[in-house]
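The structure appears right after this line, and notes come after that.
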Amino acid sequence: MNEFLFSTSWCVPLYSLMGALLTLPWGMGIIRKTGPRPAAYFNLLTTVLAFAHSLFVFKDVWDREPENILVSWFQAANLNLSLSLELSPVSVGATVLITGLSLLAQIYALGYLEKDWSLARFFALLGFFEAALSGLAISDSLFLSYALLEVLTLSTYLLVGFWYAQPLVVTAARDAFLTKRVGDLLLLMSVVTLSSWAGSLNFSDLYEWAQTANLSPVASTLLGLGLIAGPAGKCAQFPLHLWLDEAMEGPNPASVMRNSLVVAGGAYLLYKLQPILALSPVALNALIVMGSVTAVGATLVSLAQIDIKRSLSHSTSAYMGLVFLAVGMQQGGVAVMLLLTHAIAKALLFMSSGSVIYTTSTQDLTEMGGLWSRMPATTTAFVVGSAGMITLLPLGSFWAMLSWADGLVAISPWVIAILVIVNGLTALNLTRVFRLIFWGTPQQKTRRTPEVGWQMAFPMVTLTILTLILPLMLQQWYLLPDRNSINWYVVGILLTSTVLGVGIGSTMYLHKAWSRSRILVWRFLQDLLGYDFYIDRIYRLTIVGAVALLSKISAWSDRYLVDGLVNLVGIFTILGGQSLRYSISGQSQGYMLTILVVISLLGFFISWSLGLLNNLHF
């Protein structure tokens, strides 16, 4: 039985795909009498099957060597496109995480979108979402990974624009789609280039090619930057980071998946591209700079947000920045550990924030307060999720950052400074958000707020328990450092940053009557961070303005030059035709005379041209 399940692990993404297809009759409105809930149940059933299948395989995969399954998809001449799948502890573990979080997100969505008329369409899109993520987890082909990333981009566009009757939602979906297109285009160029140079797009073949590849510095740099661009767009990294903030306009169950798993999909691809990126020191330095700028910048921006989902989404970009920094420093194991701990904690945070939004009908932090006694399960989930995000002993993120900082404290001490800054500011921001939501005096929208129903509470309680026992799971997988090798100096620094962040966040003055400070200096700083360092306005004045100007020039030249030239030729043709009709007499001798005159003129011009050429020659 175990052998059969292991050999059929490649069909785990097909469960979710089948569930998405089964929901289409309800999502397209073909079946209406039963309501949309049967579609949700079909999708839940297939997700349960996918989770059970991957979980049974994960229990036995530790005793096996990684295996590859090769499926030839298209072959013509020298072009051979094959779909290669990898079954290893990392890939199968990723499918367990994806299907498990997707199952909890779907149960959560049953309560959150209970009265939504397009519930079936949401579950259909979530099924495609899950299928693409599961396929990406076990993919061992850059070609297949790129195709699945495109499916994720399309699913993101449709889920962000789920409530398409709202203009702001449509704008957010469009911006998310177009921003990712920039990175995907550069990634596609690199994929085509690698296919030509390496002769294969399977990761195992690419790794062998990278060991003996002899590329010029320019070629390796351009290749590396192109491979980085795609994941940078998916993970909302600077300068392609603005879309994730706007994508929070979509339904919260989709935000749970997007902030915990979808952004991690691009980082997972980056993790698998490490040997190829190592060919270019410039590409590795670009990862380090991009990750550092995004980690610190996004954390600062999150401090000035008064929208609960946007405040958490910026911390997602910040932690993906840490993953980029880890990959740039060739710390792949740390990157995977960060992705695991972040995914679980961030999913819990978005579920708890979604419960608050569901019961209060607002996302504005200044309109909340005093919910801790009215929503105990949601409060506990938010506290545990926040603790799982920061270096609070003994939860998961502490061990992930400790294993990273401990190995680089002597080599690159500046990395410790970035970790301390990001961790401390994240602790400060989460404490600020907790105080505004759950502490203080109840506001008008929170005075009679009840706890959410079991469909939303069950996933939160499950993730709360999972976050608390995650260190035991890491110990079972031998991912925790040995006690004798722990640098307690680094432990003290990380814990101090957490204590300082929580302490400042607990004591800083928060006034809900105004969202902007009345002190000019603080107002300027708050606006600078609240508007994301005005990067969107800078883009509007530079890149968007340049594209708009070129579009106007192109439209003017098309209208007045190209179209004008065509119209000029047409006018001369009409005038010539109108003039010639008066020379028609119907007599053949007149036609012959015209032909002779034209031939004579043509002969004269030819003779004159030949004589001119002869004179120039002599």
Side-chain angles (χ1 to χ4, degrees), residues 97 100-101 103-105 107-108 111-112 252-253 255-257 259-261 302 308-309 311-313 315-316 318-319 337-359 365 368 370-402 422-439 451-475 480 494-495 497-499 501-503 505-506:
L97 179 66
L101 288 182
L103 177 61
L104 294 176
I107 298 174
Y108 184 85
Y112 193 89
N252 194 73
S255 298
V256 172
M257 294 287 289
N259 284 270
S260 61
L261 295 175
S302 66
I308 179 174
K309 291 177 66 176
S311 178
L312 297 178
S313 71
S315 69
T316 300
Y319 271 74
M337 198 169 176
L338 278 173
L339 290 176
L340 171 63
T341 56
H342 173 268
I344 297 175
K346 188 53 67 72
L348 182 56
L349 279 175
F350 266 90
M351 283 187 181
S352 58
S353 62
S355 299
V356 173
I357 296 171
Y358 179 79
T359 54
L365 291 171
M368 302 177 186
L371 290 178
W372 69 273
S373 60
R374 292 166 173 78
M375 304 180 69
T378 302
T379 305
T380 304
F382 190 90
V383 171
V384 174
S386 300
M389 279 281 294
I390 58 180
T391 56
L392 188 63
L393 189 71
L395 298 182
S397 290
F398 170 81
W399 299 108
M401 291 195 181
L402 176 62
V422 173
N423 179 69
L425 293 178
T426 302
L428 190 155
N429 179 55
L430 292 176
T431 306
R432 175 187 73 96
V433 173
F434 173 81
R435 286 179 60 196
L436 290 172
I437 298 175
F438 300 102
W439 212 250
E451 183 61 273
V452 294
W454 73 268
Q455 291 173 326
M456 297 173 66
F458 173 75
M460 287 194 297
V461 173
T462 303
L463 279 179
T464 300
I465 297 173
L466 183 60
T467 303
L468 293 174
I469 66 173
L470 182 59
L472 298 178
M473 299 167 63
L474 295 176
Q475 184 180 18
L480 295 185
L494 293 175
L495 291 179
S497 67
T498 300
V499 172
V502 174
S506 302

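Heavy atoms only: backbone and side chains are in, while hydrogens, waters and symmetry mates are out. For clarity, every value in this text was computed on a predicted model and none was experimentally measured.
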Less than 4.5 Å apart, side chain to side chain, heavy atoms only: is that true for [X] and [Y]?
X: Leu436; Y: Met368; value: no
X: Leu466; Y: Leu348; value: no
X: Leu425; Y: Asn429; value: no
X: Lys346; Y: Ser315; value: yes
X: Thr316; Y: His342; value: yes
X: Leu101; Y: Leu463; value: yes
X: Leu365; Y: Arg432; value: yes
X: Val452; Y: Tyr112; value: no

Donor-acceptor pair, Tyr108 side chain versus Met351 backbone, under 3.5 Å?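 Yes, because the side chain of Tyr108 sits within donor-acceptor range (under 3.5 Å) of the backbone of Met351.
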
Taking the side chain from Ser386 and the backbone from Leu430, do they hold a donor-acceptor pair closer than 3.5 Å?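 Not at all, since once roles are kept as given, no pair shorter than 3.5 Å links the two residues.
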
Pair Asn259, Ser313: side-chain N/O donor-acceptor within cut-off below 3.5 Å: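 No, no side-chain donor-acceptor contact under 3.5 Å.
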
Residue pair Thr391 / Thr498, side-chain donor-acceptor N/O under 3.5 Å: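 The criterion, which ignores hydrogens and geometry beyond distance, is satisfied for Thr498 and Thr391.
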
When the ring planes of Phe434 and Phe382 are compared, do they come out parallel, tilted or perpendicular, using 30° and 60° as the limits?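 Ring orientation, 0 to 90° scale: parallel.
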
